[in-house]
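Down below is the structure, laid out as structure tokens.
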Protein chains: 2
Amino acid sequence: MKAVSGILLMADLASILQQHNLRKTKFRIELLQLFSETTSSLTAEEIKKRVGKTNDKVTIYRALDAFEKSGLIHKVPDKSNLTRYAMCHTNCSAHAHIDNHAHFICTECNETFCMDEIEVPKMKQHGDFQIKTSNLTLEGNCPKCI
Amino acid sequence: MKAVSGILLMADLASILQQHNLRKTKFRIELLQLFSETTSSLTAEEIKKRVGKTNDKVTIYRALDAFEKSGLIHKVPDKSNLTRYAMCHTNCSAHAHIDNHAHFICTECNETFCMDEIEVPKMKQHGDFQIKTSNLTLEGNCPKCI
DNA sequence: TAATAAACGCAACTCAGTTGCTTTAATGTG
DNA sequence: CACATTAAAGCAACTGAGTTGCGTTTATTA
């Protein structure tokens, strides 16, 4: 599978689905593209807004579930009661640096931003805790919503 | 307020509530004690089970809300759709809520731990982004699940 | 192109958390 | 202590994210 450092071609997206035993439906290709374009996390509601078609929420939830089971995306911890998903950049490419920066979520417009300049403190071990992944999430107001 | 590094005496619990302009009701003293005894985070459901009395869920939610506003406890990021709360072991107040430590989530047992020693890089501004809260979440295996 | 199973879509449901409003009880003052 | 005040408790009804069941559509494969 190709590195997911930006927008993927339609052909790549389709073949990624195929490689994960998922059918190449119009919606799932669109959804995968959305995730490949989005450096931070997404909620089902955000997906519904961004994907042009008026898809049923059940379709979205089942697609997210299927994508997660296939290892394409993963749940992201959140303080609200919303489930957030993000693309597995580390698993899907050799570019480990991609998820090594902070993510900013605007509490007004819910837009998510990639803070490339802010690095996440990386550590593997802390006491008897074995750390596998680290996540630095910043919340507040984006330039548009101040 | 004293550091809450272990089990507190009934008198301490009551005075802590008083200092935060919260009334010393039987339930809230019990709830505060439960938090002081618990090193990891708690959900409303877990609280309902552990607190002896059959309290209304609304009472629990409102107490959690009041405790959070007073800086006694804070929300903890979680991957499920449950809201988790943990006690602020550091000095927190309504004015300056200090919650700048990392949280560790065990991917095996789903238990959440406050890593008081690991500080979250604090910043208020980054470019045109106004940062209100920062969240550093670590995932992996806790000592029990290695 | 027909068979088949995955994905879609609709309706109805679950369940954590919320809101409104009334009652109870903690606290402060005389 | 008695009373006034107001936070907290308690009940009912609601909200909204996410789920389940089931019939229909469509991508795949033989």
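What you see below is based on every heavy atom in this structure, not just the backbone, and it leaves out hydrogens, waters and symmetry mates. Note on naming: letters A, B, ... go to the chains in the order of the sequence lines (proteins, then strands), and numbering restarts at 1 for each one.
Below 30°, between 30° and 60°, or above 60°: for B/H74 and B/H103 the angle between ring planes is between 30° and 60°, a tilted geometry.
Map B/E45 and B/V58 each onto its nearest nucleotide of DNA chain C; the residue landing nearer the 5' end is B/E45. Each of B/N81 and A/Q18 was matched to the nucleotide of DNA chain D holding its nearest heavy atom; the match closer to the 5' end belongs to B/N81. Taking for each of B/K57 and B/R23 the nucleotide of DNA chain C with the nearest heavy atom, the 5'-most of the two is the partner of B/K57.
For the pair A/Y61 and D/dT19, the criterion of a side-chain N or O lying under 4.0 Å from OP1 or OP2 is not met. Close to D/dT26, at under 4.0 Å from its OP1 or OP2, lies no side-chain N or O of A/T25. Taking only side-chain nitrogens and oxygens, A/T59 never comes nearer than 4.0 Å to OP1 or OP2 of C/dA7. Residue A/N55 places at least one side-chain N or O closer than 4.0 Å to OP1 or OP2 of C/dG9.
Rounding to whole angstrom units, NZ of residue B/K49 and C1' of C/dA16 are separated by 13 Å. The separation between B/H20 atom NE2 and C/dT27 atom P is 16 Å, rounded to whole Å. Rounded to an integer number of Å, the gap from B/E30 CD to D/dA8 P is 16 Å. In this structure, CZ of B/F27 is placed 16 Å from C1' of C/dA25, rounded to the nearest angstrom. The distance from atom CD1 of B/I60 to atom C1' of C/dT18 is 14 Å, rounded to the nearest whole Å. One interatomic measurement links the two molecules: CG of B/L64 to P of D/dA8, which rounds to 13 Å at whole-angstrom precision. B/L17 places its CG atom 15 Å from the P atom of D/dA7, with the value rounded to the nearest Å. Atom-to-atom, CD of A/Q19 to P of D/dT28 comes out at 14 Å; the value is rounded to the nearest Å.
Here the side chains of A/L138 and A/L136 are in contact, with some heavy-atom distance below 4.5 Å. Two residues are said to be in side-chain contact when any heavy atoms from C-beta on lie closer than 4.5 Å; B/R84 and B/L42 fail this criterion.
In the set C/dG17, C/dT27, C/dG9, C/dG9 carries the atom at the smallest distance from any side-chain atom of A/R62.
Side-chain atoms of A/N21 and A/S70 include no donor-acceptor pair closer than 3.5 Å.
Note on A/D56: a base of the nucleic acid sits closer than 4.0 angstrom, heavy atoms only. At the heavy-atom level, A/T83 lies under 4.0 Å from the strands shown only through sugar-phosphate atoms. Residue B/K24 is classed as a sugar-phosphate contact, given heavy-atom separations below 4.0 Å to backbone atoms only. In this structure, A/R28 reaches the sugar-phosphate backbone alone: every heavy-atom distance under 4.0 Å involves primed, P, OP1 or OP2 atoms, never a base.
Looking only at distances, a side-chain donor or acceptor of A/S80 sits under 3.5 Å from a matching main-chain atom of A/L82.
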